[in-house]
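The next block holds one structure in the form of structure tokens; read it before the comments.
Each chain gets a letter, A, B and so on, in the order its sequence line appears, and its residues count up from 1.
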Amino acid sequence: MGAQKKSATARVSEDQEELARNPLQAILLADSFATTFRPITLERPKVLLPLVNIPMIDYTLAWLESAGVEEVFVFCCAHSKQVIDYLESSRWSSQPNFSVTTIESHNSISAGDALRLIYERNVIHGDFVLISGDTVSNMSLTQVLQEHKERRKKDANAIMTMVVKKSKPSPITQQSRLGTDELFMAINPVTKQLLCYEDKAEHSKGFISLDKTLIADNPSIILHNDKQDCYIDVCSQEVLSLFTDNFDYQHLRRHFVKGLLVDDIMGYKIFTHEIHSSYAARIDNFRSYDTISKDIIQRWTYPFVPDILCGSSAIKVERQGTYRASDVTLSRSAHIGSFTFIGQGTKIGNDTKISHSVVGEGCTIGSNVTIEGSYIWNNVTIEDGCQLRHAIVCDGVIMKSGAVLQPGVILSFKVVVGQQFVVPAYSKVSLLQQPTQQDSDEELEYADNTSGTGELRSDKLNGDIAADLSETAYELGTGGVGYIWSVFEGAQDEEWKHSVAPIPKDKLVKLMLDKDEDEEQLTQDGNVLSASGELKADSDDNGSEDDDNADSRDDYGFFEKEVEATFLRAVHENVKVDHAVLEVNALRLSYNMASVDCAGAIFYSMMKLAVESPHHSASELHRNAADIITKWVKLLKSFLHDIDEEIEVILKFEEMCLESAKEFAALFPQVLHLLYDKEILQEDAILRWADEKEGADESDKVFLKSSEKFVQWLKEAEEEDEDD
Amino acid sequence: MDFQVVVLAGGSSKNLTPLVSKELPKPLLPVANRPVLSYVLHQLEQNNLKDLIVVVEGEDTALVVGAWISGTFIDRLHVEIAAVPEDIGTAGAIRAISHHLTAKDILVVSGDLVSDVPPGAVAATHRRHDAAVTAMLSSIPVSGPLDSGSSGGKDKAKKLGRYNIIGLDPGKQFLLHIATGAEIEKDARLPKRILRAVGQMEIRSDLMDAHMYAFKRSVLQEVLDLKDTFQSLKEDVLPYLVRSQLKSEALSNRTPQGEENGNEKVTSQNNQVFVSRILANSSTPSFHDHSSENPDGSASTRKTHKCCVYIASSGSYCVRLNSIQAFMDINRDVTGEADHLLTGTSSDPNNNIGPSPKLGTKTTVGPHCMLGEGSEIGDKCQVKRSVIGRHCRIGSHVKVVNSVVMNHVTIGDGCIIQGSVVCSNVQLQERVVLKDCQVGAGFVVTAGSEYKAESLARKEK
């Protein structure tokens with residue numbers, strides 16, 4: 001008893017020591033390993049993109065500093081130079097009690113790689129906060145850290161605490177307001193343990209599956225659809241080593257979290273911490289960029305708001321959430337609406353209306369311009385009469401007079417839009433051509449199916465599009481410069497989901513109708529199947545069986561075609577028989593076929609060749625067939641090991657005579673005889689085939705009858721043999 | 001209250017052989033010397049639910065049960081007895097008596113429920129939410145056989161296989177998901193559609209469906225008409241209603257329906273409200289809000305309906321008599337820790353130890369025992385935690401522990417009865433030893449025989 005107590009106290013003091021010794025560390029991933037912000041991120045890393053005129057990473061670092069983190073390791077990969085340069089020149093390089101160290105990598109393609117690299121550096125000595133550089137938050141870490149530590153003391157397997165926040169997703173778009181896909185989490189309400197994490201599940205599936213052991217272990221589970229993952233994790237050191245142990249972990253959530261939840265051998269546990277009043281969100285796509293910008297302007301992220309973050313008194317907050325830098329040149333007749341930010345040195349002309357927008361520094365905006373819900377970065381020139389709605393306009397863009405941006409347009413750096421030109425909705429315009437290769441060095445990316453659906457698919461199509469690009473390159477009106485990135489057609493439907501533009505009404509209505517159809521379907525299915533659980537299982541099985549059958553049939557079709565191609569090549573290029581055998585064998589292995597299938601396929605190819613080679617009469621056809629068979633007898637024979645395979649050949653031949661090569665129908669007995677003569681078919685095989693066919697339908701016996709004589713002769717020969 | 005109560009009393013349950021017989025159908029099985037049905041009827045009477053239909057299986061049973069009810073509850077309850085064929089399931093039984101149902105809401109209670117949960121509370125919950133169905137859930141009884149450790153463990157293991165998987169809304173008012181029967185064995189599949197509407201769902205596996213449901217009559221009848229394959233309320237009708245709830249109004253607008261109830265306009269308005277609400281990106285205060293109430297009260301299942309739950313408070317007693325083990329447990333609990341079920345029930349005058357049964361010298365009757373009227377016990381007997389019926393004659397040196405002895409049983413000298421059920425008119429001759437046995441009615445156990453864990457019954461003629 002005493003010893004136990006002693007060890008317990010020792011441990012506590014150890015913990016305290018540990019706390020004292022290790023400053024709180026954080027890993028900040030300054031690379032999202034995604035492509036959602038293309039084309040902008042081709043030229044500038046995402047973390048340096050201005051969010052209400054301040055680079056995103058500043059929000060993250062400012063929050064980390066205020067939350068008591070003392071050491072931050074910034075992992076940069078894509079555009080690492082830019083990130084490092086920025087950090088060195090920024091105030092973060094010279095803060096007391098807050099050190100920012102950069103870790104550079106050139107070949108990491110995922111968060112997993114990043115964490116593995118950090119593990120190798122051996123810089124993390126205790127619990128750490130893992131976030132990406134696009135996180136905006138003002139939550140306090142004290143409580144979650146404490147919870148995490150206490151859990152760790154009780155259970156060494158509690159290695160991670162995820163921060164979640166309530167966010168009611170729209171039941172129609174199945175998205176949160178941040179434009180992230182719907183997320184299902186199962187959490188034990190008492191322990192807060194995360195039991196199931198399902199993001200971007202196949203939408204076709206109308207159900208969430210919970211393992212029955214989970215249910216048996218937890219008398220109560222709360223399944224959440226209304227929580228948002230803040231991507232703020234408090235991790236123990238083991239997390240890093242787990243990434244090293246499981247070198248295939250790439251994505252933090254999809255691989256790591258799910259991997260831990262599924263794998264119960266190690267017994268690692270993940271817990272959640274819900275925040276209620278504070279703010280935490282991650283900029284994952286253009287929609288969340290829009291949402292979070294608005295939140296910042298409306299000061300939900302206080303104290304991380306532009307007027308405070310900038311430090312200097314250059315920015316004043318006015319009524320209705322208007323932020324204005326001190327030296328803005330504003331025409332008297334210009335109207336600045338609510339929730340708008342106007343940066344330093346910007347000039348705004350007569351009768352221009354700006355509302356719900358951010359205008360950066362040094363911009364020149366002409367007269368009669370309408371800007372609504374748009375994000376205009378620095379040094380942008382907008383000439384008279386332009387109209388911008390829900391667009392993002394990067395540095396140095398010039399919009400000539402009368403140009404119009406429809407909702408959802410992204411103009412990357414230094415694009416010029418010609419006079420009166422209307423940029424269609426959801427266009428992405430850049431000076432750079434759409435990359436044709438996935439592995440561009442500009443932004444290393446991990447093939448991310450969830451966040452960049454549209455773009456990825458379009459990338460795949462690029463081979464075809466590349467040709468047209470030169471023509472479309474200057475399709476931005478007279479004097480316009482820039483490529484309009486093409487979007488894969490199917491992705492166009494998805495585009496609105498992640499765009500800065502609000503979701504159009506017609507989409508909502510359409511979605512709702514779609515959804516109802518789904519529901520109809522679902523419930524109908526449910527009705528049909530609901531009679532009993534068993535029934536459901538049966539029908540499921542049937543379905544999958546059918547699928548399997550279909551698959552294997554397809555497979556065989558492919559296989560047959562491949563064999564035929566191989567055979568034809570062998571014929572035309574005079575490939576040695578041995579080599580042909582090898583090739584067919586390789587095909588057999590790759591398609592997972594039996595040698596029966598090979599024999600059938602080869603025989604089919606031979607006969608097809610015979611039919612296709614020129615002939616005028618049945619006798620010529622017979623000669624063709626005889627020639628081919630004689631030449632390739634070895635190939636065929638190498639797949640005929642037993643009688644079953646030989647019978648298969650006969651059956652195949654029958655099938656051909658009935659279907660694909662009816663010309664052979666008349667020649668059936670002759671060819672059969674030929675095969676017998678060439679010792680491809682043994683008499684046993686033919687006799688067995690005859691026996692099997694004896695009991696078949698009349699229609700099936702056509703060929704048996706036509707070759708009756710031959711069979712008869714064989715039988716007699718056999719009897720004679722026996723007599724001998 | 002415009003409630004009609006259907007008591008599904010059943011008939012001869014296979015689980016309960018050899019305890020039940022033609023003369024003693026399941027509804028009349030004695031629990032603490034009183035038919036099990038009386039507990040339900042008493043609860044209903046207390047809650048002023050007096051318009052009853054008692055459904056039993058088979059005409060013979062109807063006669064026996066009817067006779068008993070009219071003898072006991074005459075003038076106090078308005079009871080109709082309806083006989084239905086056997087093996088048509090609970091849904092089938094309701095279907096068979098559907099034409100008797102006239103009230104707006106129907107409370108369906110299983111006749112084998114021994115509970116102190118007020119049915120009136122379930123009915124009130126149902127009314128308050130204007131629900132299509134309200135199910136009563138109770139915690140899985142962990143109480144059970146606390147004293148006998150071994151059987152407790154066994155029981156728990158058995159129950160684990162029988163639990164329900166129930167999905168509730170955060171307010172624990174609505175039933176969002178229920179998995180019963182064979183579905184439980186598989187991984188739970190939870191419909192995302194409902195989850196999306198609600199936001200979060202609590203999955204509970206520690207609740208038991210107590211077989212007390214309040215249905216909206218129109219809904220119940222329509223479902224039973226539409227789905228003629230539905231057999232069980234619990235496994236077919238309730239899951240169906242739960243599954244089909246919360247369908248958006250746009251659907252019912254588009255699907256042309258036979259019945260026009262004049263609320264097309266209302267629903268389309270609701271529809272617009274719904275869309276605008278989403279446009280405004282505001283959260284709906286209640287996920288049922290976009291449901292429309294049918295003015296004439298004839299909600300069809302195609303419309304959004306609500307499935308509610310009434311969760312019995314954790315201290316309440318709620319067990320169904322559906323196995324021999326449950327029969328033993330209930331008998332013990334009702335005489336023991338749940339004896340409040342007995343007090344006040346004046347349907348039978350003989351409480352615990354009835355009016356002076358004749359006890360021999362040095363005979364001890366422990367606590368939590370019950371002796372029926374007119375029973376006689378000889379000398380030096382021990383009775384512990386047992387129920388002994390009326391007019392039993394028990395000899396000397398007899399030990400009765402953890403057992404139920406029904407009426408008119410004769411027990412010879414020196415018998416030892418442990419954990420057993422002895423039905424009416426059984427004769428145990430001298431020195432019989434029974435352990436964990438069931439003895440069917442009228443059986444004669446010969447002197448000196450010993451049985452362990454066996455079921456003894458007369459052969460059916």
Side-chain angles (χ1 to χ4, degrees), chain A residues 166-174 177 182 184-187 189 195 198 201 203 205-227 291 502-503 505 508-509 511-513 515-520 522-523 526-527 530-537, chain B residues 140 160 163 165 167-168 170 176-177 179-207 226-227 229-232 235-236 239-240 243-244 246-255 271 274-275 278-279 281-284 287:
Chain A
K166 192 168 179 109
S167 124
K168 193 169 171 69
S170 150
I172 287 191
T173 58
Q174 298 163 13
R177 58 195 278 274
E182 73 177 337
F184 291 99
M185 283 193 274
I187 295 170
L195 303 168
E198 193 174 318
H203 287 299
K205 252 170 60 185
F207 291 94
I208 268 212
S209 288
L210 278 187
D211 200 87
K212 64 179 174 198
T213 53
L214 277 184
I215 291 168
D217 293 346
N218 301 279
S220 172
I221 297 173
I222 295 193
L223 203 52
H224 292 280
N225 178 229
D226 56 350
K227 293 283 184 279
T291 315
I503 300 172
K505 263 191 186 187
L508 275 187
V509 173
L511 263 179
M512 211 162 105
L513 297 182
K515 195 184 72 142
D516 288 336
E517 259 158 38
D518 289 355
E519 272 173 30
E520 180 87 317
L522 259 178
T523 36
N527 292 353
S530 63
S532 77
E534 272 170 59
L535 233 176
K536 200 173 278 177
Chain B
I140 288 178
L160 216 66
Y163 61 68
I165 296 167
L168 302 173
L176 304 172
H177 176 79
T180 52
E183 286 173 58
I184 296 171
E185 298 305 317
K186 290 179 250 161
D187 291 351
R189 275 153 45 92
L190 302 153
K192 286 184 185 166
R193 180 177 58 85
I194 288 175
L195 195 53
R196 273 179 205 127
V198 189
Q200 70 180 56
M201 186 197 284
E202 185 176 358
I203 314 288
R204 297 282 290 267
S205 50
D206 56 351
L207 291 175
L226 279 174
K227 311 281 171 189
T229 52
F230 280 5
Q231 285 261 317
S232 155
E235 285 174 22
D236 298 322
Y240 170 76
R243 207 167 39 229
S244 58
L246 273 176
K247 299 214 280 186
S248 87
E249 283 307 305
L251 172 65
S252 42
N253 253 355
R254 280 185 310 124
T255 39
N271 200 357
F274 187 44
V275 171
I278 288 151
L279 291 176
N281 213 355
S282 73
S283 58
T284 44
F287 53 91

Checklist line | Atom pair CD1/CD1 of A/Ile187 and B/Ile203 - distance to nearest 0.5 Å | finding: 12.5 Å
Checklist line | Spacing of CG belonging to A/Leu223 relative to CG belonging to B/Leu176, to within rounding of 0.5 Å | finding: 10.5 Å
Check: What's the spacing between A/Asn225 CG and B/Met201 CE if we round to 0.5 Å?
Finding: 9.5 Å
Note to self: Using the side-chain contact (heavy atoms from CB on, under 4.5 Å) criterion, which residues pair with B/Gln200? Sequence neighbours excluded.
What the structure shows: A/Lys166, A/Ile222, A/His224, A/Asp226, A/Lys227, B/Pro170
